[in-house]
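The structure under discussion appears below in the form of structure tokens.
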Number of protein chains: 2
Amino acid sequence: MAKHTDLLGDSYAPDCPGREILDHVMSKWGMLVLIALLERTYRYAELRRRVGGVSEKMLAQTLRTLEEDGFVLRRDFGEVPPRVEYSLTPMGRQLAKHVEALGMWIATHTPRVLAAREKYRQAG
Amino acid sequence: MAKHTDLLGDSYAPDCPGREILDHVMSKWGMLVLIALLERTYRYAELRRRVGGVSEKMLAQTLRTLEEDGFVLRRDFGEVPPRVEYSLTPMGRQLAKHVEALGMWIATHTPRVLAAREKYRQAG
DNA sequence: GGAAGTACGCACCTTCTGGTAAGTACGGAC
DNA sequence: GTCCGTACTTACCAGAAGGTGCGTACTTCC
């Protein structure tokens, strides 16, 4: 039937799992991590440097949830100075492309949004 | 150069406006409102009924920020029992399509995500 | 031998998000 | 005359998100 209806209808079930997934993906750092991993495989500390400003705790937490959801692949080499590599699963790559598209759209339209805010402020 | 680099590089400026816009769009209700308005124009109370579970406060706040950002058009008829209609601007329609695409992708892949979580739980 | 790097986990604290309940100003229905 | 509906706003409050800093077990660099 109407796709909008279905999406909206499901979206606010009290236990809606889609919303939870979306929160993981669009969380403050989830999006940045996905986009970074679209470039290439990263090690933990590497990724932390790549995504500026993320704390160790939040990076670990973000990677954990993305891994649980099946978007990120964690490869632990079991070596003695720890060595772990993170990459995207095929499903994660698909998702990341969508997320990147949204991010790029926003990035390119940011000036227009800022202009709209100015106009709003003046018009009241 | 590398688009990923640019997107990531800009994304974590301490005052990054793109992140703010993204938060508005992907906030708990922002997404639902955008998708609903993709269907048609709605009045306030109508929209509240359409997007189940949203409080009056949050709907008003969400619509306000989306209007400020230039995604939603608010039309006040100035009548005595108040009458206000909300619709998408052309820019808002573009955005909403991206958001909807992401939402639909997640909706269709939710079973796979849940399966991945099961697997994760069992594997440890 | 002291510092730094690697990949985290844990406790604590602050900030932010979002929900509840009430109020507003008016009109129409019963 | 009392209640419902319309479109909000404001004050208050609880829970969650996220940051800070410390600890770990071991290695390499200087």
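Here is the naming used below: chain letters follow the sequence lines, and residue numbers restart at 1 for every chain. The model shown is predicted, which means the values in this text are computed figures rather than measured ones. Values reported hereafter were calculated over all heavy atoms of this structure, with side chains retained and with hydrogens, waters and symmetry mates removed.
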Specify the separation, in whole Å, of atom CG of A/Asp76 and atom C1' of C/dA7. 9 Å
Just wondering, do A/Met26 and B/Leu102 contact through their side chains at under 4.5 Å, heavy atoms? yes
Quick one: B/Arg48 CZ to D/dG5 P, roughly how many Å, whole number? 12 Å
Rounded to whole Å, the CD-C1' distance (B/Glu79 to C/dA25) equals 16 Å
Do other residues, nucleotides or ligands put more than 12 heavy atoms under 6.0 Å from the CZ atom of A/Arg40? yes
Taking only N/O atoms, report every protein-nucleotides 13-18 of chain D pair under 3.5 Å with atom names and distance.
unit_1: D/dG18; atom_1: N7; unit_2: A/Lys57; atom_2: NZ; d: 3.4

Contacts of A/Leu63 and A/Pro81 projected onto DNA chain C by closest heavy atom; the upstream (5') one is A/Pro81
I'd like to know if B/Glu20 and A/Arg117 make a salt bridge, using a cut-off of under 4.0 Å between side-chain N and carboxylate O. yes
Between B/Phe71 and A/Val113, is any pair of side-chain heavy atoms under 4.5 Å apart? yes
Is there a side-chain contact between B/Arg64 and the phosphate of D/dA7, meaning an N or O under 4.0 Å from OP1 or OP2? no
For D/dT9 and B/Tyr44 - does any side-chain N or O of the residue sit under 4.0 Å from the phosphate oxygens OP1/OP2? no
Distance, rounded to the nearest Å, where A/Glu67 contributes CD and C/dC8 contributes C1': 13 Å
When rounded to whole Å, the CG to P distance for the pair A/Asp23 and C/dT17 reads 13 Å
Within a reach of under 6.0 Å around CZ of A/Arg83, are more than 12 heavy atoms found that belong to other residues, nucleotides or ligands? yes
For residues A/Phe77 and A/Arg43, determine if any side-chain heavy atom of one lies less than 4.5 Å from a side-chain heavy atom of the other. no
Could you please name the option among C/dT6, D/dT6, D/dT9 that lies closest to any side-chain atom of B/Arg49? D/dT6
Has A/Arg83 got a side-chain N or O lying under 4.0 Å from the OP1 or OP2 atom of C/dC8? no
Side-chain heavy-atom pair B/Leu59, B/Val51 within 4.5 angstrom cut-off: no
When the distance from OH of A/Tyr86 to P of C/dT6 is rounded to whole Å, what number comes out? 14 Å
Verify the contact: side-chain N or O of A/Arg74 to OP1 or OP2 of C/dC8, cut-off strictly under 4.0 Å; return yes or no. yes
So, does B/Arg43 get its side chain near the phosphate of D/dT6, meaning an N or O under 4.0 Å from OP1 or OP2? no
Whole angstrom value for the distance that separates C1' of D/dT9 from CG of B/Leu59: 13 Å
Separation of B/Glu85 atom CD from D/dT6 atom C1', in whole Å? 13 Å
In terms of side-chain heavy atoms of B/Ala45, which of D/dA7, C/dG27, C/dG9 is nearest? D/dA7
